[in-house]
Amino acid sequence: MIRETYLNALIMALLLGIPLWAHVAGQPFTITLATKVAILGLAGVGLNIALGLGGMVSLGHAVFFGIGGYAMGILAHHAQTYTPLMEAPLLIEGTKFMPAIWLVAVVVSAVVALAIGALSLRTGGVYFIMITLAFGQMFYYFAISWPAYGGEDGLSIYVRNEFPGLNTLVPIQFFAIAFVALSLGLILSHLIARSRFGLALGAARQNSERVQTVGLDPMRVKLVAFVISGAITGLAGALFADLNRFVAPTMFSWHLSGELIIFIILGGIGRLFGPVVGAGLFILLEHFLGGLSEYWLIYVGAILLGVVLFARGGLIGALSGREVAHD
Amino acid sequence: MTEPILRTESITKYFGAVKASQDVSLELRPGEIHALIGPNGAGKSTLIKQIAGNLTPDAGRIWFDGRDVTRLGTVARARAGLGRTFQISSLAMEYTVLQNVVLGALGRDGGVMRFLLPAMKDKALVAEAEAALDRVGLIDLKSTRTADLSHGQRRQLEVAVALTLRPKAFLMDEPMAGLGAGGSKRLTGFLDTLRAEAPILLVEHDMDAVFALADRISVLVYGEVIATGTAAEIRANRDVRTAYLGEDA
């Protein structure tokens with residue numbers, strides 16, 4: 001058994017080391033794969049706050065991923081066509097400036113998460129799963145039927161957005177942005193898990209009656225967690241769209257919501273690095289098995305089955321044992 | 001006479017045609033242990049749920065600490081100072097014993113929207129929690145996972161969590177259940193001293209404990225309080241003997 005902290009450090013070292021090596025060796029595609037792992041890992045870190053810490057099985061987190069994606073797509077589209085988003089009552093122009101795009105992605109995702117959470121948290125269990133799925137489908141079909149922004153075909157952004165001091169078109173530099181974003185997401189997730197808020201959230205997952213009895217409102221705690229969760233996944237969506245320089249309704253699809261859950265289960269539910277390991281494994285499988293067969297997801301299914309049956313703590317749990325209580 | 005901390009005013013609750021509570025008026029006065037007894041199905045649980053805020057009475061009012069709390073939910077009543085323990089332990093089972101009690105201290109403190117500093121390193125919360133564990137005799141088990149505790153220990157833990165809330169009144173639903181003779185005796189001794197801190201409304205099946213502890217006893221039968229009085233008065237009451245102790249008068 002490896003201590004979880006060492007294991008986490010090893011994962012970070014690999015995620016940083018492999019693209020650096022690829023940069024030196026002149027293999028930009030490997031850097032792109034690592035960037036994808038970092039970004040999808042970040043989306044999973046967001047979901048893990050709702051699902052792992054708060055026990056809210058959201059099958060609609062693609063909503064926030066897609067909102068982040070479209071925040072980038074819409075703003076950059078207006079910037080590249082030199083048309084303002086709106087003129088009256090006040091003039092809003094598009095932008096290619098990443099920090100501004102991220103801010104919009106995070107704020108809009110958070111507001112939508114507040115609305116979806118407030119409605120969905122009235123239910124529990126399987127109904128919560130279904131209502132979040134329903135919201136996901138609404139956003140998906142809305143995006144398909146919105147011709148102004150490409151409808152089903154999506155939006156292409158010709159040049160990657162800008163970040164001061166960096167040339168974002170150089171793969172290793174864009175990777176650096178994604179890696180820092182992931183690191184900040186992980187730090188935030190780690191702090192939240194141990195904080196007063198995290199203690200109440202974990203208790204709300206286990207027993208909401210207990211939380212009420214000490215005079216705290218479990219629904220309020222869960223709703224705030226859902227908002228934070230959605231905001232982080234939204235940021236990941238903006239980065240993902242920038243990685244591909246393309247955004248399409250598939251970012252809202254429930255397959256993506258499902259994949260985010262798969263990352264977490266593969267890596268270990270509620271474990272800090274679970275989503276990162278899960279995303280890494282998923283993308284490696286996609287890359288290597290996808291080359292062998294169109295039906296590579298069959299193997300993912302088999303692995304998922306194995307994890308659920310024999311390694312409940314996911315890969316992190318299998319390598320480092322049961323989570324220790326932090327006190 | 002001093003104002004009661006908790007008062008139910010003719011509360012009535014129906015489930016369909018069944019009257020689960022019928023015109024129940026109870027008072028919990030400062031410094032007392034008021035025991036609520038009654039045969040199974042008498043409506044004790046329904047009454048407790050109305051006092052705690054899980055159920056709203058169809059008629060009547062509930063006063064707590066000078067306020068009408070009839071329409072308030074469980075969270076608001078806990079915040080108002082009602083410290084509850086459950087008939088079937090209701091704890092965060094994956095947490096350690098200490099984490100459960102720190103949660104109680106956090107509930108009292110109220111500052112839950114803090115995201116950055118570790119809760120288990122918050123000296124004030126942990127000190128409060130450890131003091132409570134020490135009082136119920138669980139301090140040596142503070143790092144044990146709650147799921148690994150015995151039923152009796154879980155009971156003690158619930159009392160410890162309630163202590164951290166520094167409530168104005170305790171609402172205890174069968175705290176002796178599953179304790180065994182020794183544990184039951186120890187808890188009886190503890191509750192005996194606790195009444196000076198805050199009065200206790202005690203639902204209990206352990207009659208030895210009830211008669212040893214209670215300043216006053218109310219007897220609930222078919223949702224109705226048929227008698228309220230001291231232990232001696234209740235023992236001598238003919239209605240109670242007929243209805244509850246199962247004797248022909």
Side-chain angles (χ1 to χ4, degrees), chain A residues 49 52-55 110 114 122 184-229 231-232 269-272 312-313 317 321-327, chain B residues 52-54 73-86 88-122 125-126 129-130 142-147 157-158 161-162 164-165 167 171:
Chain A
I49 290 174
L53 301 181
L114 184 67
R122 293 158 166 268
L184 292 176
L186 285 167
I187 290 169
L188 185 68
S189 171
H190 171 75
L191 290 175
I192 286 177
R194 291 174 167 228
S195 68
R196 285 168 167 233
F197 178 78
L199 185 76
L201 179 61
R205 178 190 73 231
Q206 296 169 50
N207 186 341
S208 65
E209 184 178 56
R210 169 44 52 198
V211 179
Q212 290 173 350
T213 308
V214 302
L216 299 172
D217 183 354
M219 283 304 130
R220 195 163 146 251
V221 170
K222 282 185 164 184
L223 182 58
V224 171
F226 194 76
V227 168
I228 296 171
S229 166
I232 293 175
I269 298 169
R271 308 302 277 258
L272 181 62
R312 280 291 185 80
R322 197 161 83 177
E323 193 167 19
V324 284
H326 7 88
D327 48 18
Chain B
N54 300 93
T74 48
V75 175
R77 291 193 206 184
R79 289 221 67 82
L82 191 62
R84 182 187 188 187
T85 71
F86 291 89
I88 296 161
S89 298
S90 185
L91 295 156
M93 290 307 213
E94 295 166 30
Y95 276 175
T96 62
V97 167
L98 186 61
Q99 280 177 312
N100 264 293
V101 195
V102 168
L103 179 71
L106 173 58
R108 187 193 133 69
D109 180 272
V112 70
M113 291 301 159
R114 294 189 206 162
F115 304 89
L116 300 179
L117 299 177
M120 300 309 288
K121 295 210 170 96
D122 188 318
L125 292 187
V126 173
E130 287 185 338
K142 68 175 182 177
S143 300
T144 306
R145 231 167 71 105
T146 304
L157 178 52
E158 286 221 348
V161 177
T164 61
L165 300 173
L171 184 60

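Sequence lines set the chain letters: A, B, ... in the order given, protein chains first and strands last, and positions in each chain run from 1.
- Contacts of B:Val102 with chain A are made by both backbone and side-chain atoms, with heavy-atom separations under 4.5 Å.
- In this structure, CZ in A:Arg194 is found 5.5 Å from NZ in B:Lys121, a value given to the nearest 0.5 Å.
- Looking at A:Gln206, its side chain does come within 3.5 Å of a backbone N or O of B:Glu94 through a donor-acceptor pair.
- The ring pair (Phe, Tyr, Trp, His ring centres under 6.0 Å) pairs that include a residue from residues 205-229 of chain A are A:His61-A:Phe226, A:Phe64-A:Phe226, where partners are two or more places apart or lie in different chains.
- Screening B:Thr164, B:Asp109, B:Val75, B:Val161 for a side chain to side chain contact (heavy atoms under 4.5 Å, CB included) involving A:Val214 leaves a single residue, B:Val161.
- If you measure heavy-atom distances from B:Arg114 to chain A, the contacts under 4.5 Å come from both the backbone and the side chain.
- Only the side chain of B:Leu165 comes within less than 4.5 Å of a heavy atom of chain A; its backbone N, CA, C and O stay farther away.
- Among the candidates B:Ala78, B:Gly104, B:Ser90, B:Ala92, the residue making the largest number of heavy-atom pairs closer than 4.5 Å to chain A is B:Ser90.
- Residue B:Arg79 qualifies as enclosed at atom CZ: its count of foreign heavy atoms under 6.0 Å is above 12.
- A distance of 11.5 Å separates CG in B:Leu116 from CD1 in A:Ile187, rounded to the nearest 0.5 Å.
- Within a 6.0 Å sphere centred on CG of B:Leu117, other residues, nucleotides and ligands contribute 12 heavy atoms or fewer.
- Across every non-hydrogen atom of A:Gly198 and B:Tyr95, the tightest pair is O-OH, 3.6 Å.
- A:Gln212 touches chain B through backbone and side chain together, each having a heavy atom under 4.5 Å away.
- For a residue to count as touching a neighbouring chain, one of its non-hydrogen atoms must lie under 4.5 Å from one of that chain's; by this rule A:Ile228 touches chain B with the side chain only.
- Applying the side chain to side chain donor-acceptor pair (under 3.5 Å) criterion to B:Thr146, with sequence neighbours excluded, gives B:Asn100.
- Ranking A:Val224, A:Leu188, A:Ile192, A:Thr213 against chain B, the residue ahead of the rest is A:Thr213, based on heavy-atom pairs under 4.5 Å.
- Put simply, the side chain of A:Arg196 never gets that close to the backbone of B:Val112: no donor and acceptor are under 3.5 Å apart.
- Heavy atoms closer than 4.5 Å to chain A are found nowhere in B:Arg77, neither backbone nor side chain.
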